[in-house]
Student: 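Below is a structure I'd like to ask you about.
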Amino acid sequence: MKYIGRFAPSPSGPLHFGSLIAALGSYFQAKSRQGIWRVRMEDLDPPREMPGAADTILRQLEAYALYWDGEVMYQSQRHNAYQAQIQQWLDDKVAYYCRCTRKQIKAAGGYYPGTCRDASITEADGSAVRIKMTHATYQFKDEKHGTIVIPSALAEEDFIIKRRDGLFAYNLAVVLDDIEQGITQVVRGADLIEPTGRQLSLYHQLNVTPVSYLHLPLAVDKQGYKLSKQNHATAIDLQHPTPTLIRAMEFLGFTLPDDIRGGNTEEIIDWGCRNWSQDLLPFATEITSPFSNGAL
Ligand code: GLU
């Protein structure tokens with residue numbers, strides 16, 4: 001089977017050192033296997049997006065010689081597919097409307113206790129949609145970290161597939177899109193280990209063979225927080241990409257020879273594809289970024 005990987009940024013801001021790690025890790029994993037590397041814009045949550053960020057991200061990928069295969073998929077253009085699946089599950093009584101508030105769920109112990117499961121709420125307005133969890137995933141295999149165990153209360157929760165504000169849930173969109181794009185392996189940051197069980201449950205609900213998963217170490221700042229737009233991670237440099245590219249590859253475990261360090265982005269990326277192995281990756285799930293002090 002042909003390897004098909006992907007990079008799926010949310011356009012809440014330009015790429016920073018942390019998102020570059022996910023882009024590079026997924027790219028090397030795909031290209032070292034003569035595979036395909038797709039890009040998907042996860043523009044699912046307009047209030048959290050920054051105008052122009054999607055285009056900036058594509059320009060940044062090009063500046064780092066990370067060229068994608070095929071058309072970029074935009075989640076904002078996939079609403080019909082998400083809604084059709086939700087409607088089918090509602091019709092099949094596999095999903096249901098729920099009006100519980102966060103406060104009520106917190107008072108019930110933090111995990112949703114299935115209050116509206118059999119309440120037959122038909123009104124969609126102001127209600128979330130939850131999936132009836134009949135395919136709970138208690139553990140899964142990560143290609144780097146081995147068996148990941150999921151606490152049963154989390155695994156068994158009827159989670160939200162459409163939010164009460166009408167936005168589609170990330171877990172639903174990511175699974176339907178990975179299926180649509182023919183993805184065979186998901187390579188992404190270790191911050192997404194936790195929702196992986198839910199995504200696997202959706203594959204089982206859909207009766208589709210799941211992707212395999214490889215979670216990369218997460219770049220964190222000196223306080224241990226994930227580098228993100230919210231905590232002002234600096235955008236990666238468009239004009240002088242090579243120093244950042246080299247740092248990011250070192251973060252992934254490469255030791256670059258001097259003649260390669262002096263090359264341009266194409267030469268460095270090409271060398272990376274020829275020399276990549278997932279065994280290079282450090283086992284830690286969190287590593288302090290060399291740029292966490294805002295030096296670049
Ligand atoms: N859009 C998600 C993010 O930027 C990544 C989703 C995924 O790789 O599954 O954090």
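All ligand and atom numbering here is 1-based and tracks the order in the structure.
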Student: Would you find a donor on one side and an acceptor on the other, under 3.5 Å apart, between the side chain of Gln88 and the backbone of Gln85?
Tutor: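 Not a single qualifying donor-acceptor pair exists.
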
Student: Any chance the side chains of Arg130 and Thr115 put a donor and an acceptor closer than 3.5 Å?
Tutor: no

Student: Look at atom 2 (C) of ligand 1 and find which of Met41, Glu42, Arg6 reaches it with the closest heavy atom.
Tutor: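 Nearest option to atom 2 (C) of ligand 1, by heavy atoms: Glu42.
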
Student: Please confirm whether Tyr170 comes under 4.0 Å of ligand 1, counting heavy atoms of the residue only.
Tutor: yes

Student: In Å, rounded to the nearest 0.5 Å, how long is the span from CD1 of Ile161 to CD1 of Ile86?
Tutor: 4.5 Å

Student: Can the positive tip of Lys144 be found less than 6.0 Å from the middle of the six-membered ring of Phe283, inside 45° of the ring normal?
Tutor: yes

Student: In terms of residue, atom name and distance, what is the protein heavy atom nearest to atom 5 (C) of ligand 1?
Tutor: Ala8 O, 3.3 Å

Student: Could you tell me whether the side chains of Thr244 and Asp237 share a donor-acceptor contact shorter than 3.5 Å?
Tutor: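 No, no side-chain donor-acceptor contact under 3.5 Å.
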
Student: Atoms of ligand 1 less than 4.0 Å from Val174 heavy atoms?
Tutor: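 Those qualifying, in numeric order: 9 (O).
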
Student: Numbering the atoms of ligand 1 from 1, which are under 4.0 Å from a heavy atom of Arg188?
Tutor: 7 (C), 8 (O), 9 (O)

Student: Mind checking whether Ser10 has an N or O less than 3.5 Å away from an N or O of ligand 1?
Tutor: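 The answer is yes, given that Ser10 and ligand 1 share an N or O pair closer than 3.5 Å.
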
Student: About how many Å separate CD1 of Ile160 and CG of Leu172, when rounded to the nearest 0.5 Å?
Tutor: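 The CD1 atom of Ile160 is 12.0 Å from CG of Leu172, to the nearest 0.5 Å.
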
Student: Looking only at non-hydrogen atoms, which of Leu15, Leu192, Val186, Leu44 approaches atom 10 (O) of ligand 1 most closely?
Tutor: Leu192

